[in-house]
Protein chains: 2
Amino acid sequence: MYTVKKLSELAGVSVRTLHYYDDIGLLKPSLVGENSYRYYDDASLLRLQQILFYREIGLELRGIKEILDDPDFDTVTALQLHRRTLQEKIERLQTLIQTVDTTIMHLIGEIDMSNKKTIFEGFSEEKQKQYEKEAVDHWGDNASQSIKLWHSYSDERKAQIMQEGGDIYVEIVANMGKGADSPEIRALLVRWHQHLRYFYEPTIEVLGGLGNMYHDHPDFNATFTRIHPDLPVFLKEAIAIYVDELETRWLERELGILEE
Amino acid sequence: MYTVKKLSELAGVSVRTLHYYDDIGLLKPSLVGENSYRYYDDASLLRLQQILFYREIGLELRGIKEILDDPDFDTVTALQLHRRTLQEKIERLQTLIQTVDTTIMHLIGEIDMSNKKTIFEGFSEEKQKQYEKEAVDHWGDNASQSIKLWHSYSDERKAQIMQEGGDIYVEIVANMGKGADSPEIRALLVRWHQHLRYFYEPTIEVLGGLGNMYHDHPDFNATFTRIHPDLPVFLKEAIAIYVDELETRWLERELGILEE
DNA sequence: ATAAACTATCACGCAGCGTCAGAGTCAAGA
DNA sequence: TCTTGACTCTGACGCTGCGTGATAGTTTAT
């Protein structure tokens, strides 16, 4: 016979947890004294350990209750289902990281670009070194490709690239009057698309997200607004059109291949 | 001027969400009528879109408030930090999936093994085919390696392997009296370790988890308890000792390499 | 007998809203 | 002008899995 405290120490959980499991009917004491004290036995301990096992792999308490209470429960199928949800969570988190990465890249790369100052005036040498270090420390060598790539350029090259990027936006502003679907804008967006390769491999999904980001993200919005008040909205629309065209052509190519 | 409904439709959020953001001071209406209706302007819309941007990448509302309210906020550092937490979540989920995988493998492979029946008496032919199919459907071809491996064996080979595994546990029971740290048990665990390779590559981490699983997991515990009531506890201890030894030797080898 | 250690039952808090409930407000048609 | 119907407001509970008191009774050790 174990009291709540004893059992909690044996299993490494809090007393409150045992109370709670009693409340929701997940683990009832084997005996309740007339002082309403809870007493548990070895069967309780085993069941508690089973509960903790399932809890550790991320199952919800209700699901655990079902599994443990129904002896005919198909555990394998349940675990396979659970595996799927875990997978989906991972995939979602990975796309989130992608987005965060491109956001960071652009924050580092394009903030204040509109002022025709280079990035180096904004960041001191130490700051820059620090970024490199953090990139390696925190990000390992997998996902920090883009930042490494950027820092692999020489200083003059960096300056040149930044200048080039700024020019593109200035030219876009000069051609805004011709419409987001004009050939001039399209040509500029092709240059913009190419330019992104200095930083990372721009997939279609990334491009689409970028348009929205330029408009919705505070820092980008501020940056582009300084170039021209209508630029964020214009870019969002123009990029959407451009991406749409890319996707269409991609589909056609796929279909073409299939026909052969 | 937008009413709550209008803004909610424009931004794709619920009215309740706007109420809530007002409550916590994240997005105040630009004007409140004397009927206490909320009215928003374009600045509100922009801010809302910024909020949604950060929300999508998984930031908490409090963090978003800080970022948006403090113009000097170091967005880059905040995002880098956030990236880290996302990474950690992914890593945690991946180990969870590992555990789930080995659990499933063992559930399929070892349930009822103690009855000296082969696995095939427990599962009908259709059931077995179904498992294969589900393995491919749900798991893709990456993580189902182990199950594929298993199903790649011929039926006689399967039966032989199962028999072999069962024998190991029976022998362990016969030697339980000599202690979990006895050379006899150690030798048997080496066989057990080798035997696992029929199913998947047993890393040190997996081995450690297995010992606990044999004890804590309901189905395994039941299975091993049927062989001998003390077997789950004994296995847990013996495997812990074995794994500990493996790790020590691994460390020594690493240190030896470093010395050269 | 008295103090220390345990025990019990409420009940709020958290994160981010969803979801009624009850009541007031506004715009448009008959 | 009156009546709908569409909106709006402010509470307030629910969800998940407990943590963290508060207050009060019980047991154990000295």
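All chains are named by letter (A, B, ...) in the order of the sequence lines, taking the proteins before the strands, and each is independently numbered beginning at 1. In this text, all values refer to a predicted model and were calculated from it rather than measured experimentally.
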Measure from the side-chain N and O atoms of A:T3 to the backbone N and O of A:Y39, and report whether any donor-acceptor pair falls under 3.5 Å.
no
Figure out the CE/P separation between B:M1 and C:dC26, and round it to whole Å.
16 Å
Are any of the side-chain nitrogens in A:D69 or A:R47 under 4.0 Å away from the carboxylate oxygens of its partner?
yes
OP1, OP2 of D:dG25 versus side-chain N and O of A:N35: anything below 4.0 Å?
no
Checking side-chain polar atoms at under 3.5 Å, does B:Y242 have a donor or acceptor matched by the opposite partner on B:W192?
no
Ignoring hydrogens, what is the shortest heavy-atom contact between B:L189 and B:A238? Give both atom names and the distance.
CD1-O, 3.6 Å
With a 4.0 Å heavy-atom cut-off, tell me which residues in residues 11-22 of chain B come close to DNA chain C, sorted by residue number.
B:S14, B:R16, B:T17, B:Y20, B:Y21
Calculate the interatomic distance between A:L26 atom CG and D:dT16 atom P; express it in whole Å.
13 Å
Those residues of residues 55-66 of chain A lying under 4.0 Å from DNA chain D by at least one heavy atom:
A:R55, A:E60, A:L61, A:R62
A:K65/A:D70 salt bridge by N-O under 4.0 Å criterion
no
Whole-Å distance separating the NZ atom of B:K6 from the C1' atom of C:dA27
12 Å
Between B:I51 (CD1) and C:dA15 (C1'), how many Å, whole number?
16 Å
For B:D23 and D:dC9, give me the distance from atom CG to atom C1', rounded to whole Å.
12 Å
Can you check the B:I24 CD1 to C:dG13 C1' distance for me, whole Å?
16 Å
Let me know which of B:S8, B:P29, B:S44 forms a side-chain contact (heavy atoms from CB on, under 4.5 Å) with B:L18.
B:S8
Note: B:E9-B:K5 ion pair, threshold 4.0 Å (strictly below)
yes
Non-hydrogen atoms of B:T17 and B:S14 that approach each other most closely:
OG1-OG, 2.8 Å
Would you mind reading off the distance between B:L27 atom CG and C:dG16 atom C1', rounded to a whole angstrom?
15 Å
Would you name the heavy atoms of B:A11 and B:L48 that are closest together and state the gap between them?
CB-CD2, 3.3 Å
Do B:T75 side-chain atoms and B:I67 backbone N/O form a donor-acceptor pair below 3.5 Å?
no
Are the side chain of B:H82 and the backbone of B:I57 linked by a donor-acceptor contact shorter than 3.5 Å?
yes
With respect to the phosphate group of D:dT10, does any side-chain polar atom (N or O) of B:S36 fall under 4.0 Å of OP1 or OP2?
no
Could you give the angle between the helix axes at the two ends of the helix from C:dA1-D:dT30 to C:dA30-D:dT1, with five pairs per end, rounded to 10 degrees?
30°
Whole-Å distance, B:E34 CD to D:dT8 P, equals 18 Å
Looking only at side-chain atoms of A:R38, point me to the closest of C:dT7, C:dG24, C:dT9.
C:dT9
